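All ligand and atom numbering here is 1-based and tracks the order in the structure. These figures come from a predicted structure and were not determined experimentally. Numbers here are sequence positions counted from 1. Note: hydrogens, waters and symmetry copies are ignored here, and every other heavy atom, side chains too, is used.
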Amino acid sequence: MSTLLHIDSSPLYGRSVSRQLTGAFVTQWKSSHPDGTVVDRDLNATSIPLVTAEWVGAAYAPEEARSPQQKEVLAISDALLAELGQADEYVIGVPMHNFGVPSVLKLWIDQIARVNRTFSYANGTPKGLLTGKKATFIIATGGVYDAQTRMASFNFVEPYLRSVFGFLGVTDATFLTAGGTAALNQGLDRDAFLAPHLQVVQSHAQTV
Ligand SMILES: Cc1cc2nc3c(=O)[nH]c(=O)nc-3n(C[C@H](O)[C@H](O)[C@H](O)COP(=O)(O)O)c2cc1C
């Protein structure tokens with residue numbers, strides 16, 4: 001029985017393209033995994049603290065030497081790591097904000113990138129510890145950042161996610177992008193815009 005962790009990070013809810021597409025992925029995944037479990041983590045409804053000096057001190061202290069306060073500082077990180085560890089697959093909705101990932105997603109990444117939990121530097125070599133997972137990232141961007149276009153080098157979303165998740169051990173990652181959502185604000189029909197993206201997402205969800 002497999003578990004899917006479904007993460008969203010768009011503040012726009014009903015108007016969000018990435019949320020609609022991750023929703024379609026989940027619906028399809030449920031129908032192909034009738035015994036599977038879906039865990040929803042809405043980052044816009046989760047209070048995630050900033051990384052502080054106390055947090056870094058607690059994360060780098062040996063587990064058995066942590067004070068009760070240090071354990072408390074890491075409690076949210078521990079809970080988010082437990083979700084990641086228990087799931088076999090991830091689907092993560094990502095709106096492009098200012099050419100990068102939204103701040104709530106960065107806060108989450110800062111909590112789950114933990115030494116000796118999701119990565120290690122044994123013998124000075126980085127090793128990802130989050131292995132055996134499959135991830136699908138569904139990205140929505142107002143502009144178009146396809147390779148070979150003038151704007152391609154402005155896209156810090158996919159290269160960043162590929163690097164950071166690869167570093168953590170998640171190398172089986174698929175990136176599906178709905179580019180050009182700004183046209184929806186200029187009168188482009190939403191259903192017509194979404195139809196090809198829904199098809200790509202649904203057929204990918206059938207294969208994972
Ligand atoms: C705060 C904010 C910043 C944005 N920055 C960019 C940007 O740098 N480049 C871009 O192409 N679109 C940008 N957009 C547009 C979004 O990427 C676009 O609306 C996309 O559909 C967001 O995903 P969502 O519909 O799931 O929220 C921005 C939107 C917001 C709200």
message: Are any of the N/O atoms on His97, whether in the backbone or the side chain, positioned under 3.5 angstrom from an N/O atom of ligand 1?
response: no
field: Donor-acceptor pair between His33 and Asp35 side chains, under 3.5 angstrom
entry: no
task: Please write down residue, atom name and distance for the protein heavy atom closest to atom 8 (O) of ligand 1.
output: Phe99 N, 2.8 Å
query: Taking only heavy atoms of Thr141, which atoms of ligand 1 are found under 4.0 Å from at least one of them?
result: 17 (O)
- prompt: So which heavy atom on Ile112 is nearest to which on Leu81, and how close?
  reply: O-CD2, 3.4 Å
- prompt: With a cut-off of 4.0 Å, which atoms of ligand 1 are near a heavy atom of Ser10?
  reply: 24 (P), 26 (O), 27 (O)
task: Evaluate the ring planes of Trp108 and Phe165, with Trp represented by its six-membered ring, and classify them as parallel (under 30°), tilted (30 to 60°) or perpendicular (over 60°).
output: parallel
- prompt: What is the closest protein heavy atom to atom 12 (N) of ligand 1, and at what distance does it sit?
  reply: Gly142 N, 3.2 Å
field: Expected output: side-chain Asp8 to main-chain Ser10 donor-acceptor under 3.5 Å
entry: no
task: Could you tell me whether a side-chain N or O of Asn123 sits under 3.5 Å from a main-chain N or O of Thr125, the two making a donor and an acceptor?
output: no
- request: Take the angle between the ring planes of Phe167 and Phe119 and call it parallel below 30°, perpendicular above 60°, tilted in between.
  value: tilted
task: Around atom 11 (O) of ligand 1, find the nearest protein heavy atom and jot down its residue, atom name and distance.
output: Tyr145 OH, 2.6 Å
field: Sub-4.0 Å atoms of ligand 1 with respect to non-hydrogen atoms of Thr181
entry: 18 (C), 19 (O), 20 (C), 21 (O)
task: For atom 16 (C) of ligand 1, grab the closest protein heavy atom and report residue, atom and distance to one decimal in Å.
output: Met96 O, 3.5 Å
query: Which residue holds the protein heavy atom closest to atom 5 (N) of ligand 1, what is that atom called, and what is the gap in Å?
result: Asn98 N, 2.8 Å
query: Just by distance, with hydrogens left out, do Arg15 and Asn185 show a side-chain donor and acceptor under 3.5 Å apart?
result: no
field: For atom 25 (O) of ligand 1, closest protein heavy-atom neighbour
entry: Val17 N, 2.8 Å
message: Among all protein heavy atoms in this structure, tell me which lies nearest to atom 22 (C) of ligand 1, with the distance rounded to 0.1 Å.
response: Pro95 CB, 3.4 Å
